[in-house]
Amino acid sequence: MLAANTKTLPPVIFLMGPTASGKTDLAVALTEKLPCDIISVDSALVYRGMDIGSAKPDAATLQRAPHRLISFLDPSEPYSAAQFRCDALREIEYILHSGRIPLLAGGTMLYFKVLLEGIADLPAADPALRAQLTTEAAQYGWPALHQKLAEVDPVSAAQLHPNHSQRILRALEVHALTGIALSTLQQQQQPASLPFRPIQLALMPDDREALHRRIEQRFDRMLREGFMDEVRRLYARGDLHPDLPAIRAVGYRQAWDYLAGNLSEAEMRAAGIAATRQLAKRQLTWLRNWPQLHTIPMQEPFDLEKVTLATLKILSANGI
RNA sequence: GGCCAGAUAGCUCAGUCGGUAGAGCAAGGGAUUGAAAAUCCCUGUGUCCACAGUUCGAUUCUGUGUCUGGCCA
């Protein structure tokens, strides 16, 4: 917020936008115009062996424009916003040290938020405890656990709908692990002081229907390029299951259901495309009320050169 | 050509013993702190195929037509 500070801190570019909006193409184009290195901000790209369905840049593109924080985790492993914050800060520092500009590009808005605002000091997930609470919920229903939460953490409970399974679970987990209410720990959170100056950009499609068409075409392209073979390889391992964050990813979840015989091929395609549209909608909801955002309109047909020039203009107005 | 079954929300269908209708999915809006490509909340007016008849009143009953599917020729 301090003007003097703003001048001295090194700039870092944030490039956000819904899925299938052309973020990757734009990020790669920017690396050819500016001395910047890409850090991926995407909860699905972190996984190894999940390339086609996650729309990961192909090998040739990665050769040209390396991405950090992709393909470093096995799909059996969980990842988290807190872990991302830690990893991203490390990568940003590394790139700044080498005298270049970090370019954070991706569609996981919570990760961007946590990077900007920091995160409360909370215990990590406890799989055994989660399993136990999930069993309890299956028996008594989430409203019953919400009831229980109200007794130990009325502030959190008041903010949560009785059906909000995931967040009721987390609040109960934190309390069980620390003996302190989640809401109390969150109130103790210190505001993050960033060692850099974020320039926040968002690629915003001006036509939802056009974005829907791009999503459909991209899904069909993924199928042609061997998406099902990729999922079959994961399926054949035998140790992965649909409750894992990796396998819950858009497209993979539906492909899994198809391989398990729960969906026909046509149903899988329709459900996969719909899930992608819904993801884009949620990403746009984040972006619509995002503070300090420079929006880059994305018109159909997508003109990469034009969009790149518009982006460079915004960046230069912000000291790059 | 004959017989039978359908025709209701973008899709699949339910329903109205005659008082103009509702689920799932899709879609739209919102929330979002160690699963976030996750999870959760809110939003349902549509010539109830068309025309005629019966009726105070028809999407509902009757008749005719049209279209779709099945069976028989």
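Order of the sequence lines fixes the chain letters, A, B, ..., with proteins taken first and strands second; residue numbering starts at 1 for each chain.
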Check your understanding: Partners of R233(A) by salt bridge (Lys or Arg N to Asp or Glu O under 4.0 Å), sequence neighbours excluded?
Key -> none
Check your understanding: How far does the C1' atom of C48(B) sit from the matching atom of G19(B), given to the nearest Å?
Key -> 15 Å
Point to revise | Distance, C1' atom - from A35(B) to C42(B), rounded to whole angstrom | key: 24 Å
Check your understanding: Where the side chain of D153(A) meets the backbone of L182(A), is there a donor-acceptor pair that is under 3.5 Å apart?
Key -> yes
**Study point:** Sugar-phosphate only, base, or nothing, as touched by A120(A) at under 4.0 Å among non-hydrogen atoms
**Key:** base
Review point. Salt bridge between E216(A) and R213(A), side-chain N to carboxylate O under 4.0 Å?
Key: no
Review point. Distance between the C1' atoms of U8(B) and G2(B), in whole angstroms?
Key: 29 Å
Exercise for review: Classify the nucleic acid contact of Y79(A) as base, sugar-phosphate or nothing, counting any heavy atom under 4.0 Å across all strands shown.
Suggested key: sugar-phosphate
Check your understanding: Heavy atoms under 4.0 Å, any strand shown: does A44(A) hit a base, just sugar-phosphate, or nothing?
Key -> base
Review point. With sugar-phosphate meaning primed atoms plus P, OP1 and OP2, does T108(A) contact a base, only sugar-phosphate, or nothing at under 4.0 Å between heavy atoms?
Key: sugar-phosphate
**Study point:** Side-chain (E117(A)) to main-chain (V114(A)) donor-acceptor, under 3.5 angstrom
**Key:** no
Practice item. Have a look at R208(A) and say if it touches a base, only the backbone sugar-phosphate, or nothing, with a 4.0 Å heavy-atom cut-off. Key: sugar-phosphate
**Study point:** Same-atom distance (P) from C3(B) to U64(B), integer angstrom
**Key:** 10 Å
Review point. Does the gap between the ring centers of Y235(A) and Y258(A) come in under 6.0 Å?
Key: no
Point to revise | Minimum heavy-atom distance between R85(A) and L115(A), given as atom pair plus value | key: NH1-O, 3.0 Å
Point to revise | Integer angstrom distance from the C1' of A73(B) to that of A27(B) | key: 47 Å
Check your understanding: When all nucleic acid strands are considered with a 4.0 Å heavy-atom cut-off, which category describes H212(A): base, sugar-phosphate, or nothing?
Key -> sugar-phosphate
Point to revise | Atom pair OG/CD1 of S21(A) and I296(A) - distance to nearest 0.5 Å | key: 9.5 Å
Revision key, fill the gap. The residue, K56(A) or S80(A), whose nearest nucleotide of RNA chain B is more 5′ is S80(A)
Check your understanding: For G69(B), is chi within 90° of 0 (syn) or not (anti)?
Key -> anti
Exercise for review: Please list, by residue number, the residues of residues 218-248 of chain A whose heavy atoms come closer than 4.0 Å to an atom of RNA chain B; answer none if no residue qualifies.
Suggested key: P245(A), R248(A)
Exercise for review: For A105(A) and A27(A), work out which heavy atoms get closest and say how close.
Suggested key: CB-CB, 4.1 Å
**Study point:** C67(B) and A21(B), which share atom name P, separated by this distance in whole Å
**Key:** 31 Å
Review point. Does C40(B) have a Watson-Crick or wobble mate here (both distances under 3.5 Å), and if so which one?
Key: G30(B)
Practice item. For L160(A), answer base if it contacts any base atom (sugar-phosphate contacts may also be present), sugar-phosphate if it contacts only those atoms, and nothing otherwise; contact means non-hydrogen atoms under 4.0 Å. Key: nothing
Exercise for review: Identify whether any heavy atom of G251(A) sits under 4.0 Å from a base atom; if not, whether one sits that close to sugar-phosphate; answer base, sugar-phosphate or nothing.
Suggested key: nothing
Point to revise | I39(A) to E91(A) - nearest heavy-atom pair and separation | key: CD1-CB, 3.6 Å
Study note, to complete from the structure: Answer for the Watson-Crick or wobble partner of A7(B), both distances under 3.5 Å, is U66(B)
Practice item. Remember a base hit wins even if backbone is also touched, and classify Y111(A) as base, sugar-phosphate or nothing at under 4.0 Å, heavy atoms. Key: sugar-phosphate
Revision key, fill the gap. Mate of U54(B) across any strand shown (Watson-Crick or G-U wobble, both atom pairs under 3.5 Å) is none
Exercise for review: Hey, could you give me the CG/CG distance between L315(A) and L201(A), rounded to the nearest 0.5 Å?
Suggested key: 5.5 Å
Check your understanding: Contact class for R85(A) vs. all strands (heavy atom < 4.0 Å): base, sugar-phosphate, or nothing?
Key -> nothing
Revision key, fill the gap. Across every strand shown, the nucleotide meeting Watson-Crick or G-U wobble geometry with C48(B) (both distances under 3.5 Å) is none
Review point. Contact class for T276(A) (heavy atom, under 4.0 Å): base, sugar-phosphate, or nothing?
Key: nothing
Exercise for review: Remember a base hit wins even if backbone is also touched, and classify R130(A) as base, sugar-phosphate or nothing at under 4.0 Å, heavy atoms.
Suggested key: base
Revision key, fill the gap. Distance col, row F14(A):CZ vs L103(A):CG, nearest 0.5 angstrom, shows 10.5 Å
Review point. Of all nucleotides in RNA chain B with an atom under 4.0 Å from a non-hydrogen atom of chain A, which is the first and which the last going 5' to 3'?
Key: A26(B) to C41(B)
**Study point:** U66(B) to C49(B) separation - C1' atoms, rounded to the nearest Å
**Key:** 8 Å
Practice item. Please answer whether the main-chain N or O of D126(A) pairs with a side-chain N or O of E173(A) as donor and acceptor at a distance below 3.5 Å. Key: yes
Check your understanding: What does S165(A) touch in the nucleic acid at a heavy-atom separation under 4.0 angstrom: a base, only the sugar-phosphate, or nothing?
Key -> sugar-phosphate
**Study point:** G69(B) and U60(B), which share atom name P, separated by this distance in whole Å
**Key:** 24 Å
Review point. With a non-hydrogen cut-off below 4.0 angstrom, is Q278(A) in contact with a base, only sugar-phosphate, or nothing?
Key: sugar-phosphate
